[in-house]
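Encoded as C-alpha coordinates, the structure appears first; notes follow it.
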2 protein chains.
Amino acid sequence: METSTEEKIIQAAEKVFVRDGYDGARMQSIADEAEINKAMLHYYFRSKEKLFQQILTGKIKAFLPTILGIIQAEMTILQKFEAVVDGYLKMLSENPRLPIFILFSTYRNPVILEQLPREVFHGLIGFIKKAIRNGELKKVDPEHLLVSMMGMCVFPYVAKPIASHMLGKSDDEYLLFLRNRKKEIMTLLKELVN
Amino acid sequence: METSTEEKIIQAAEKVFVRDGYDGARMQSIADEAEINKAMLHYYFRSKEKLFQQILTGKIKAFLPTILGIIQAEMTILQKFEAVVDGYLKMLSENPRLPIFILFSTYRNPVILEQLPREVFHGLIGFIKKAIRNGELKKVDPEHLLVSMMGMCVFPYVAKPIASHMLGKSDDEYLLFLRNRKKEIMTLLKELVN
DNA sequence: GTCTATATACAGATAGAC
DNA sequence: GTCTATCTGTATATAGAC
(Lines give C-alpha, C1' and ligand atoms only; values in the text may rest on other atoms or scores of the structure.)
Protein backbone atom coordinates (compact mmCIF):
# COMPACT_ATOMS: atom_id res chain seq x y z
CA MET A 1 0.00 0.00 0.00
CA GLU A 2 2.67 2.46 1.07
CA THR A 3 5.22 3.49 -1.47
CA SER A 4 7.84 6.08 -0.64
CA THR A 5 7.83 9.27 -2.66
CA GLU A 6 11.21 8.42 -4.11
CA GLU A 7 9.97 5.03 -5.26
CA LYS A 8 6.84 6.56 -6.76
CA ILE A 9 8.99 9.00 -8.71
CA ILE A 10 11.25 6.25 -10.03
CA GLN A 11 8.34 4.16 -11.24
CA ALA A 12 6.66 7.13 -12.88
CA ALA A 13 9.92 8.26 -14.48
CA GLU A 14 10.54 4.78 -15.89
CA LYS A 15 7.13 4.77 -17.51
CA VAL A 16 7.39 8.26 -19.00
CA PHE A 17 11.02 8.11 -20.14
CA VAL A 18 10.60 4.68 -21.72
CA ARG A 19 7.46 5.84 -23.52
CA ASP A 20 8.60 9.31 -24.63
CA GLY A 21 12.39 9.26 -24.61
CA TYR A 22 14.55 11.86 -22.87
CA ASP A 23 13.72 14.81 -25.11
CA GLY A 24 10.04 13.95 -25.36
CA ALA A 25 9.53 13.41 -21.64
CA ARG A 26 8.19 16.24 -19.48
CA MET A 27 8.91 16.64 -15.80
CA GLN A 28 5.25 17.60 -15.39
CA SER A 29 4.19 14.27 -16.96
CA ILE A 30 6.35 12.38 -14.50
CA ALA A 31 4.92 14.35 -11.57
CA ASP A 32 1.36 13.71 -12.77
CA GLU A 33 2.07 10.01 -13.23
CA ALA A 34 3.52 9.81 -9.71
CA GLU A 35 0.71 11.96 -8.33
CA ILE A 36 3.13 14.30 -6.63
CA ASN A 37 4.26 17.88 -7.00
CA LYS A 38 6.70 18.78 -9.74
CA ALA A 39 9.05 20.46 -7.25
CA MET A 40 9.56 17.12 -5.52
CA LEU A 41 11.31 15.76 -8.58
CA HIS A 42 14.03 18.35 -8.12
CA TYR A 43 14.11 17.88 -4.38
CA TYR A 44 14.90 14.17 -4.81
CA PHE A 45 16.90 14.10 -8.03
CA ARG A 46 18.12 17.69 -8.61
CA SER A 47 17.64 17.67 -12.39
CA LYS A 48 15.91 15.92 -15.27
CA GLU A 49 19.30 14.79 -16.54
CA LYS A 50 20.24 13.12 -13.23
CA LEU A 51 16.87 11.41 -12.92
CA PHE A 52 17.18 10.13 -16.47
CA GLN A 53 20.70 8.78 -15.99
CA GLN A 54 19.55 6.75 -13.03
CA ILE A 55 16.55 5.30 -14.88
CA LEU A 56 18.56 4.51 -18.01
CA THR A 57 21.38 2.81 -16.14
CA GLY A 58 18.93 0.59 -14.29
CA LYS A 59 17.07 -0.31 -17.45
CA ILE A 60 20.19 -1.16 -19.41
CA LYS A 61 21.24 -3.62 -16.76
CA ALA A 62 17.85 -5.32 -17.02
CA PHE A 63 18.16 -5.34 -20.79
CA LEU A 64 21.44 -7.20 -20.93
CA PRO A 65 21.03 -10.95 -20.81
CA THR A 66 21.07 -11.96 -17.18
CA ILE A 67 20.41 -15.51 -18.20
CA LEU A 68 24.02 -16.50 -17.88
CA GLY A 69 23.46 -17.76 -14.34
CA ILE A 70 20.85 -20.25 -15.49
CA ILE A 71 23.19 -21.93 -17.90
CA GLN A 72 24.65 -25.18 -16.57
CA ALA A 73 27.84 -26.77 -17.74
CA GLU A 74 26.12 -30.07 -18.57
CA MET A 75 23.76 -28.49 -21.07
CA THR A 76 24.28 -29.05 -24.77
CA ILE A 77 24.98 -25.91 -26.80
CA LEU A 78 21.45 -26.08 -28.20
CA GLN A 79 19.99 -26.12 -24.70
CA LYS A 80 22.13 -23.12 -23.86
CA PHE A 81 20.87 -21.29 -26.92
CA GLU A 82 17.33 -22.13 -25.95
CA ALA A 83 17.85 -20.82 -22.42
CA VAL A 84 19.20 -17.54 -23.75
CA VAL A 85 16.53 -17.07 -26.42
CA ASP A 86 13.72 -18.07 -24.09
CA GLY A 87 14.87 -15.88 -21.22
CA TYR A 88 15.42 -12.96 -23.50
CA LEU A 89 12.09 -13.23 -25.29
CA LYS A 90 10.28 -13.48 -21.97
CA MET A 91 11.90 -10.30 -20.70
CA LEU A 92 11.05 -8.56 -23.98
CA SER A 93 7.42 -9.64 -23.90
CA GLU A 94 7.15 -8.06 -20.46
CA ASN A 95 8.97 -4.88 -21.55
CA PRO A 96 8.19 -4.47 -25.24
CA ARG A 97 9.14 -0.79 -25.45
CA LEU A 98 12.37 -1.20 -23.51
CA PRO A 99 14.76 -2.03 -26.37
CA ILE A 100 13.85 0.90 -28.60
CA PHE A 101 14.19 3.23 -25.62
CA ILE A 102 17.61 1.92 -24.67
CA LEU A 103 18.95 1.76 -28.19
CA PHE A 104 17.81 5.27 -29.02
CA SER A 105 19.11 6.64 -25.71
CA THR A 106 22.53 5.07 -26.10
CA TYR A 107 22.74 6.39 -29.66
CA ARG A 108 22.25 9.91 -28.39
CA ASN A 109 24.48 9.48 -25.35
CA PRO A 110 26.89 6.54 -25.57
CA VAL A 111 28.92 7.69 -22.54
CA ILE A 112 26.53 5.90 -20.19
CA LEU A 113 27.73 2.53 -21.53
CA GLU A 114 31.23 2.84 -20.13
CA GLN A 115 30.25 1.54 -16.71
CA LEU A 116 28.67 -1.65 -18.08
CA PRO A 117 30.31 -5.03 -17.58
CA ARG A 118 31.18 -7.21 -20.55
CA GLU A 119 31.22 -10.57 -18.81
CA VAL A 120 27.83 -11.67 -20.09
CA PHE A 121 28.88 -11.40 -23.70
CA HIS A 122 32.28 -12.92 -23.08
CA GLY A 123 30.67 -15.83 -21.27
CA LEU A 124 28.30 -16.60 -24.12
CA ILE A 125 31.02 -16.26 -26.73
CA GLY A 126 33.15 -18.63 -24.71
CA PHE A 127 30.39 -21.26 -24.77
CA ILE A 128 30.09 -20.94 -28.54
CA LYS A 129 33.83 -21.22 -29.10
CA LYS A 130 34.02 -24.33 -26.95
CA ALA A 131 31.11 -25.94 -28.79
CA ILE A 132 32.89 -25.36 -32.09
CA ARG A 133 36.11 -26.90 -30.78
CA ASN A 134 34.10 -29.90 -29.56
CA GLY A 135 32.61 -30.34 -33.00
CA GLU A 136 29.20 -29.78 -31.42
CA LEU A 137 28.58 -26.73 -33.57
CA LYS A 138 29.36 -25.91 -37.21
CA LYS A 139 32.17 -23.44 -37.79
CA VAL A 140 30.68 -19.97 -37.45
CA ASP A 141 31.99 -16.68 -36.14
CA PRO A 142 30.94 -16.60 -32.45
CA GLU A 143 30.51 -12.82 -32.28
CA HIS A 144 28.38 -12.73 -35.39
CA LEU A 145 26.26 -15.62 -34.19
CA LEU A 146 25.61 -13.89 -30.88
CA VAL A 147 24.65 -10.64 -32.62
CA SER A 148 22.37 -12.61 -34.95
CA MET A 149 20.66 -14.31 -32.04
CA MET A 150 20.09 -11.02 -30.28
CA GLY A 151 18.92 -9.40 -33.50
CA MET A 152 16.38 -12.12 -34.16
CA CYS A 153 15.01 -11.71 -30.64
CA VAL A 154 15.05 -7.93 -30.38
CA PHE A 155 14.22 -6.77 -33.89
CA PRO A 156 10.54 -7.84 -33.90
CA TYR A 157 10.12 -5.65 -30.82
CA VAL A 158 11.99 -2.55 -31.94
CA ALA A 159 10.34 -2.76 -35.35
CA LYS A 160 6.88 -3.60 -34.08
CA PRO A 161 4.94 -0.73 -35.69
CA ILE A 162 6.57 -1.10 -39.09
CA ALA A 163 6.63 -4.91 -39.09
CA SER A 164 3.01 -5.34 -38.04
CA HIS A 165 1.96 -2.93 -40.74
CA MET A 166 4.07 -4.58 -43.43
CA LEU A 167 2.80 -8.04 -42.51
CA GLY A 168 -0.77 -6.76 -42.36
CA LYS A 169 -1.26 -7.85 -38.77
CA SER A 170 -3.45 -6.35 -36.08
CA ASP A 171 -1.98 -5.83 -32.61
CA ASP A 172 -3.44 -9.13 -31.44
CA GLU A 173 -2.16 -10.99 -34.48
CA TYR A 174 1.28 -9.52 -33.97
CA LEU A 175 1.28 -10.65 -30.35
CA LEU A 176 0.57 -14.16 -31.57
CA PHE A 177 3.39 -13.82 -34.08
CA LEU A 178 5.75 -12.85 -31.27
CA ARG A 179 4.67 -15.85 -29.23
CA ASN A 180 5.72 -18.18 -32.07
CA ARG A 181 9.05 -16.48 -32.35
CA LYS A 182 11.02 -18.80 -30.05
CA LYS A 183 10.20 -21.91 -32.05
CA GLU A 184 11.19 -20.25 -35.32
CA ILE A 185 14.48 -18.89 -34.02
CA MET A 186 15.34 -22.31 -32.64
CA THR A 187 14.55 -23.91 -36.00
CA LEU A 188 17.25 -21.74 -37.53
CA LEU A 189 19.75 -22.36 -34.77
CA LYS A 190 19.24 -26.13 -34.87
CA GLU A 191 20.64 -26.17 -38.38
CA LEU A 192 23.99 -25.06 -37.00
CA VAL A 193 24.28 -28.03 -34.67
CA ASN A 194 26.00 -31.19 -35.81
CA MET B 1 26.75 24.74 -57.29
CA GLU B 2 23.23 26.11 -57.12
CA THR B 3 20.83 24.45 -54.76
CA SER B 4 17.39 25.91 -54.20
CA THR B 5 16.56 27.09 -50.71
CA GLU B 6 13.89 24.42 -50.40
CA GLU B 7 16.38 21.70 -51.29
CA LYS B 8 18.94 23.07 -48.86
CA ILE B 9 16.32 22.97 -46.10
CA ILE B 10 15.38 19.39 -46.88
CA GLN B 11 18.97 18.19 -46.82
CA ALA B 12 19.68 20.02 -43.57
CA ALA B 13 16.46 18.77 -41.99
CA GLU B 14 17.28 15.19 -42.93
CA LYS B 15 20.64 15.45 -41.25
CA VAL B 16 19.36 17.08 -38.05
CA PHE B 17 16.18 15.01 -37.62
CA VAL B 18 17.97 11.72 -38.29
CA ARG B 19 20.69 12.65 -35.81
CA ASP B 20 18.55 14.15 -33.02
CA GLY B 21 15.03 12.78 -33.49
CA TYR B 22 11.92 14.93 -33.63
CA ASP B 23 11.94 16.09 -30.02
CA GLY B 24 15.67 16.63 -29.91
CA ALA B 25 15.88 18.55 -33.18
CA ARG B 26 15.87 22.36 -33.13
CA MET B 27 14.62 24.52 -35.95
CA GLN B 28 17.64 26.75 -35.33
CA SER B 29 19.98 23.78 -35.88
CA ILE B 30 18.33 23.06 -39.20
CA ALA B 31 18.60 26.70 -40.25
CA ASP B 32 22.27 26.80 -39.26
CA GLU B 33 22.97 23.56 -41.11
CA ALA B 34 21.25 24.93 -44.24
CA GLU B 35 22.95 28.30 -43.81
CA ILE B 36 19.67 30.17 -44.10
CA ASN B 37 17.42 32.18 -41.84
CA LYS B 38 15.21 30.40 -39.38
CA ALA B 39 12.12 32.22 -40.64
CA MET B 40 12.58 30.58 -44.05
CA LEU B 41 11.82 27.18 -42.56
CA HIS B 42 8.31 28.36 -41.72
CA TYR B 43 7.92 30.19 -45.01
CA TYR B 44 8.53 26.93 -46.92
CA PHE B 45 7.11 24.31 -44.57
CA ARG B 46 4.80 26.18 -42.16
CA SER B 47 5.75 24.14 -39.08
CA LYS B 48 8.32 21.81 -37.58
CA GLU B 49 5.72 19.04 -37.58
CA LYS B 50 5.01 19.38 -41.32
CA LEU B 51 8.70 19.50 -42.19
CA PHE B 52 9.31 16.41 -40.10
CA GLN B 53 6.46 14.44 -41.66
CA GLN B 54 7.89 15.07 -45.10
CA ILE B 55 11.40 13.99 -44.12
CA LEU B 56 10.21 10.89 -42.27
CA THR B 57 7.97 9.70 -45.10
CA GLY B 58 10.79 10.04 -47.60
CA LYS B 59 13.24 8.22 -45.35
CA ILE B 60 10.90 5.33 -44.62
CA LYS B 61 10.50 4.68 -48.31
CA ALA B 62 14.27 4.50 -48.69
CA PHE B 63 14.46 2.19 -45.69
CA LEU B 64 12.10 -0.43 -47.06
CA PRO B 65 13.85 -2.94 -49.29
CA THR B 66 13.74 -1.60 -52.81
CA ILE B 67 15.78 -4.54 -53.95
CA LEU B 68 12.76 -6.40 -55.24
CA GLY B 69 13.30 -5.08 -58.78
CA ILE B 70 16.77 -6.62 -58.95
CA ILE B 71 15.51 -10.10 -58.26
CA GLN B 72 15.19 -12.24 -61.38
CA ALA B 73 12.95 -15.26 -61.72
CA GLU B 74 15.84 -17.51 -62.75
CA MET B 75 17.73 -16.94 -59.53
CA THR B 76 17.92 -19.68 -56.91
CA ILE B 77 16.37 -18.79 -53.56
CA LEU B 78 19.86 -18.47 -52.10
CA GLN B 79 20.80 -15.95 -54.76
CA LYS B 80 17.64 -14.03 -53.99
CA PHE B 81 18.49 -14.01 -50.29
CA GLU B 82 21.96 -12.79 -51.14
CA ALA B 83 20.58 -9.98 -53.30
CA VAL B 84 18.30 -8.82 -50.50
CA VAL B 85 20.91 -9.05 -47.74
CA ASP B 86 23.59 -7.43 -49.88
CA GLY B 87 21.38 -4.58 -51.06
CA TYR B 88 20.09 -3.96 -47.59
CA LEU B 89 23.48 -3.99 -45.90
CA LYS B 90 24.84 -1.60 -48.52
CA MET B 91 22.04 0.86 -47.90
CA LEU B 92 22.59 0.57 -44.15
CA SER B 93 26.33 1.13 -44.41
CA GLU B 94 25.59 4.37 -46.25
CA ASN B 95 22.90 5.41 -43.75
CA PRO B 96 23.93 3.87 -40.44
CA ARG B 97 21.74 6.09 -38.27
CA LEU B 98 18.66 5.74 -40.44
CA PRO B 99 17.09 2.63 -38.89
CA ILE B 100 17.17 3.81 -35.28
CA PHE B 101 15.66 7.12 -36.38
CA ILE B 102 12.84 5.48 -38.31
CA LEU B 103 12.09 2.84 -35.73
CA PHE B 104 11.98 5.35 -32.89
CA SER B 105 9.90 7.80 -34.91
CA THR B 106 7.33 5.18 -35.91
CA TYR B 107 7.09 4.03 -32.33
CA ARG B 108 6.16 7.52 -31.23
CA ASN B 109 3.85 8.17 -34.20
CA PRO B 110 2.70 5.01 -36.03
CA VAL B 111 0.05 6.86 -38.05
CA ILE B 112 2.61 7.78 -40.67
CA LEU B 113 2.86 4.11 -41.69
CA GLU B 114 -0.64 3.88 -43.08
CA GLN B 115 0.32 5.27 -46.46
CA LEU B 116 3.08 2.71 -47.01
CA PRO B 117 2.76 -0.08 -49.60
CA ARG B 118 3.09 -3.70 -48.55
CA GLU B 119 4.07 -5.17 -51.92
CA VAL B 120 7.76 -5.52 -51.11
CA PHE B 121 7.11 -7.78 -48.16
CA HIS B 122 4.43 -9.76 -49.96
CA GLY B 123 6.76 -10.28 -52.90
CA LEU B 124 9.58 -11.62 -50.76
CA ILE B 125 7.26 -13.87 -48.78
CA GLY B 126 5.91 -15.21 -52.05
CA PHE B 127 9.42 -16.16 -53.18
CA ILE B 128 10.04 -17.99 -49.92
CA LYS B 129 6.76 -19.89 -50.08
CA LYS B 130 7.45 -20.98 -53.62
CA ALA B 131 10.95 -22.18 -52.72
CA ILE B 132 9.49 -24.30 -49.93
CA ARG B 133 6.91 -25.84 -52.27
CA ASN B 134 9.72 -26.61 -54.75
CA GLY B 135 11.67 -28.36 -52.04
CA GLU B 136 14.42 -25.81 -52.57
CA LEU B 137 14.14 -24.59 -49.00
CA LYS B 138 13.57 -26.36 -45.69
CA LYS B 139 10.14 -25.92 -44.12
CA VAL B 140 10.22 -22.65 -42.23
CA ASP B 141 7.66 -19.97 -41.54
CA PRO B 142 8.16 -17.40 -44.33
CA GLU B 143 7.16 -14.38 -42.25
CA HIS B 144 9.47 -15.33 -39.42
CA LEU B 145 12.33 -15.98 -41.81
CA LEU B 146 11.90 -12.57 -43.40
CA VAL B 147 11.83 -10.86 -40.01
CA SER B 148 14.93 -12.83 -38.98
CA MET B 149 16.78 -11.76 -42.12
CA MET B 150 15.91 -8.13 -41.56
CA GLY B 151 16.78 -8.38 -37.89
CA MET B 152 20.20 -9.84 -38.63
CA CYS B 153 20.89 -7.00 -41.06
CA VAL B 154 19.45 -4.10 -39.10
CA PHE B 155 20.22 -4.99 -35.49
CA PRO B 156 24.00 -4.44 -35.66
CA TYR B 157 23.23 -0.91 -36.84
CA VAL B 158 20.52 0.04 -34.36
CA ALA B 159 22.53 -1.49 -31.54
CA LYS B 160 25.88 -0.12 -32.63
CA PRO B 161 26.84 1.75 -29.43
CA ILE B 162 25.87 -1.08 -27.11
CA ALA B 163 27.18 -3.89 -29.32
CA SER B 164 30.56 -2.28 -29.99
CA HIS B 165 31.00 -1.70 -26.28
CA MET B 166 29.96 -5.23 -25.32
CA LEU B 167 32.28 -6.77 -27.91
CA GLY B 168 35.10 -4.45 -26.85
CA LYS B 169 35.52 -3.00 -30.32
CA SER B 170 36.68 0.45 -31.36
CA ASP B 171 34.72 2.29 -34.04
CA ASP B 172 37.12 1.07 -36.71
CA GLU B 173 36.96 -2.50 -35.50
CA TYR B 174 33.18 -2.36 -35.46
CA LEU B 175 33.15 -1.10 -39.05
CA LEU B 176 35.23 -4.12 -40.00
CA PHE B 177 32.81 -6.35 -38.10
CA LEU B 178 29.93 -4.87 -40.10
CA ARG B 179 31.77 -5.49 -43.34
CA ASN B 180 32.00 -9.21 -42.53
CA ARG B 181 28.32 -9.33 -41.72
CA LYS B 182 27.07 -10.42 -45.14
CA LYS B 183 29.21 -13.55 -45.24
CA GLU B 184 28.09 -14.59 -41.75
CA ILE B 185 24.40 -14.04 -42.41
CA MET B 186 24.66 -16.04 -45.60
CA THR B 187 26.39 -18.87 -43.71
CA LEU B 188 23.30 -19.15 -41.55
CA LEU B 189 20.85 -18.91 -44.45
CA LYS B 190 22.73 -21.54 -46.47
CA GLU B 191 21.86 -24.12 -43.82
CA LEU B 192 18.20 -23.71 -44.71
CA VAL B 193 18.73 -24.66 -48.34
CA ASN B 194 18.41 -28.27 -49.45
C1' DG C 1 11.93 35.55 -51.05
C1' DT C 2 14.68 37.04 -47.35
C1' DC C 3 15.69 39.36 -43.35
C1' DT C 4 15.12 41.49 -38.11
C1' DA C 5 12.47 41.84 -34.35
C1' DT C 6 9.10 40.10 -31.52
C1' DA C 7 5.04 37.49 -29.81
C1' DT C 8 3.65 33.52 -27.24
C1' DA C 9 4.07 29.46 -24.80
C1' DC C 10 6.15 26.35 -21.99
C1' DA C 11 10.11 23.96 -20.39
C1' DG C 12 13.33 23.05 -16.22
C1' DA C 13 14.56 24.81 -12.03
C1' DT C 14 14.40 27.51 -7.55
C1' DA C 15 12.69 30.45 -3.43
C1' DG C 16 10.40 30.48 0.40
C1' DA C 17 6.14 29.60 3.28
C1' DC C 18 4.31 25.88 5.95
C1' DG D 1 9.18 16.85 3.11
C1' DT D 2 5.71 19.17 0.60
C1' DC D 3 3.45 22.82 -1.38
C1' DT D 4 2.60 27.56 -4.32
C1' DA D 5 4.45 31.00 -6.83
C1' DT D 6 7.84 32.51 -9.71
C1' DC D 7 12.30 33.05 -12.23
C1' DT D 8 14.87 32.34 -16.39
C1' DG D 9 15.88 30.51 -20.60
C1' DT D 10 14.57 29.01 -24.92
C1' DA D 11 11.51 26.84 -28.21
C1' DT D 12 8.20 27.49 -32.25
C1' DA D 13 6.03 30.69 -34.84
C1' DT D 14 4.64 35.22 -36.83
C1' DA D 15 4.62 40.37 -38.21
C1' DG D 16 6.27 43.42 -41.03
C1' DA D 17 10.18 46.05 -43.39
C1' DC D 18 12.88 45.54 -47.50
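Every chain is numbered from 1, with letters handed out A, B, ... down the list of sequences. We use all heavy atoms of the structure for the numbers below, so side chains are in, but hydrogens, waters and symmetry mates are not.
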Centres of the Phe17(A) and Phe52(A) rings: under 6.0 Å? yes
is_close_aromatic(Tyr107(B), Phe104(B)), centroid dist under 6.0 Å: no
Under 4.0 Å, heavy atoms only, any strand: does Ala25(A) hit a base, just the sugar-phosphate, or nothing? sugar-phosphate
Between atom [atom1] in [X] and atom [atom2] in [N], what is the gap in whole Å?
| X | N | atom1 | atom2 | result |
| --- | --- | --- | --- | --- |
| Glu35(A) | dC3(D) | CD | C1' | 16 Å |
| Ile9(A) | dA13(C) | CD1 | C1' | 15 Å |
| Asp23(A) | dT10(D) | CG | P | 15 Å |
| Met40(B) | dT4(C) | CE | C1' | 13 Å |
| Arg26(B) | dA13(D) | CZ | C1' | 14 Å |
| Met27(A) | dC3(D) | CE | P | 15 Å |
| Glu6(B) | dG1(C) | CD | C1' | 12 Å |

Distance from [X] atom [atom1] to [Y] atom [atom2], nearest 0.5 Å?
| X | Y | atom1 | atom2 | answer |
| --- | --- | --- | --- | --- |
| Lys8(A) | Thr5(A) | NZ | OG1 | 5.5 Å |
| Ile30(B) | Glu33(B) | CD1 | CD | 9.5 Å |
| Met186(A) | Leu78(A) | CE | CG | 4.0 Å |

State plainly whether the residues Lys182(B) and Glu82(B) are in salt-bridge range, i.e. N to O under 4.0 Å. yes
Within residues 41-50 of chain B, residues whose heavy atoms come under 4.0 Å of DNA chain C: Tyr43(B), Tyr44(B)
Candidates dC3(C), dG1(D), dT4(D) - which lies nearest the side chain of Ala39(A): dT4(D)
Measure from the side chain of Asn37(B), starting at C-beta and using heavy atoms only, and say which of dT4(C), dG12(C), dA13(D) lies closest. dT4(C)
